[in-house]
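Following: one structure in C-alpha cells, then a few remarks.
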Amino acid sequence: MKIKSASFWKTDLDLVRPYTIAYKTVSSVANVFIELELENGMKGIGACNPSKQVIGKDANETFEELQKGNWQDQLVGKDIRTFEAMMRELHLGDKPRKGYIAALDIALFDLWGKFLDQPIVGYLGQQHSKMPTSITIGIKDVEESLEEADEYVGRGFRYLKVKIGEEVEKDLERLQKLRERFRDLIHIRVDANQAYTLAELISFWEVAQNLDIELIEQPMPANEPWEQLPLMQQVPAHLMPYIALDESLRFWEDAHLIAGLKPVPCGIFNIKLMKCGGIYPAMGIARSAQLERIKLMWGCNDESIVSITAALHAAFANKHTAFLDLDGSLDLARDLVSGGFTIEDGMMSLHGGAGLGVEKL
Ligand SMILES: [Mg+2]
C-alpha cells in the first residue's frame with residue numbers, strides 16, 4: 001500500500017497564559033503539521049514545534065525547510081509496509097538534521113498504526129495505561145506562584161513542575177511556601193533550565209532535599225555534551241538520582257554518549273519528541289536508558305495534541321517511564337485535532353483508536 005500524497009502547513013496558536021522560563025517569555029507558538037495519505041484514502045497526521053534554543057530551529061524555519069525541500073518526492077510512492085526501513089532512512093542516515101523530522105516521524109507512525117488497525121502503543125507494546133502529568137508554574141514571585149498552584153490543584157493536578165533559576169534563596173523560598181501551603185497534597189519537581197552552577201546546585205539541594213522534591217531538571221548549562229558532562233559527573237552521588245537531563249539530552253546519539261559514561265551524570269532522561277525527532281529515536285533513547293537503569297521522563301514544548309499524544313504513546317510503551325510532563329497542549333487556546341488523550345484530575349490516558357487516535361477538526 002503506497003503513500004499517495006504528502007502535504008504540510010503551519011498554524012500560529014496563541015497561548016492561554018504567556019510564561020517565563022530562565023531565558024525567555026513565550027506568548028504564542030507556531031506548530032507545523034504534516035499529513036500523509038495512502039492510496040486507500042487513509043491519512044496520518046504529524047506535528048512539531050521544535051525549540052530554536054535547543055535544536056537550533058524553530059517552527060518557522062522548519063516550515064521553510066518543508067517548502068524548500070524535496071522530501072515529498074522521497075516519500076510519495078513508498079510502501080507503508082516498509083515502515084521500519086523508512087524509519088531507519090529518516091533517522092539513521094547522514095543527511096543534515098531537519099526540524100520537521102518529528103512531524104514526519106509522527107505522521108508515519110499514525111499512518112502505520114491506522115494501516116495495522118492498531119494504536120501506536122499497541123504496536124510498541126503497552127506497559128502503562130494511566131499516569132499523572134505535572135503542570136508547569138513559570139518563574140514568578142511567591143504570591144503569583146501560590147495563586148497559580150491553587151488553580152492547578154483546584155483543577156485536580158497533584159504534580160507541579162516549578163521553574164526555578166533566579167537565585168537559590170528566592171527559588172527555595174517559593175518552594176518552601178508551596179510546601180507549607182499544600183503539605184503532602186502535592187508533588188513538586190523543579191526545572192532550573194541550566195541556571196545553576198555546581199556550587200549553587202549543591203547549596204540548593206541542601207535545603208530542597210527536605211522539601212520532598214521529586215527531581216531537578218537540567219540544573220547546569222548544556223553546552224556541547226563533551227564540555228559539560230565532566231562537570232555534571234561531579235554532582236554528589238546522593239543527588240545524582242534526582243538529576244533529569246533535558247537540554248543536555250537532545251538527540252539519540254546524546255543518549256548513547258551519556259549512558260556510556262561512568263558515572264552516568266544523571267538519574268533521569270527527559271525525552272522530548274521535539275528534541276530527538278519523533279517516536280522512533282525516542283524509543284532508541286529509552287533502550288539506552290534502560291540498559292543503565294536511567295528512569296524516563298517525557299517532556300514537551302507548546303505543542304498540538306497531535307505530538308503530545310505521540311509522546312504519550314511512546315511513554316506508555318516503556319516500563320521505566322516514571323514521570324510525565326506532557327502539559328504542552330493544555331496551554332493552547334485552540335487546536336486542530338480532538339481526541340488523542342484524556343486528562344482527568346491530572347491523570348493522562350490514551351483515548352484509544354488506531355494510530356494516534358486523534359480526529360482532525
Ligand atoms: Mg526542561
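Order of listing sets the numbers, starting from 1, for every ligand and every atom in it.
For E217, the N, O or S atom closest to the Mg ion (ligand 1) goes by the atom name OE2. The atom of D191 that is an N, O or S and sits closest to the Mg ion (ligand 1) is OD2. Shortest distance from the Mg ion (ligand 1) to D246 is reached at OD2 (N/O/S atoms only).
Using modelled atom types, one finds no donor on one side chain facing an acceptor on the other under 3.5 Å when comparing N31 with E303. Between the side chains of T136 and D327, a donor-acceptor pair is found at a separation under 3.5 Å.
The aromatic rings of Y280 and H91 lie parallel to each other, their planes meeting at an angle below 30°, with 60° marking the opposite boundary.
Not one N, O or S atom of E247 sits under 2.8 Å from the Mg ion (ligand 1).
To the nearest 0.5 Å, atoms CD1 (I45) and OG (S304) are separated by 7.0 Å.
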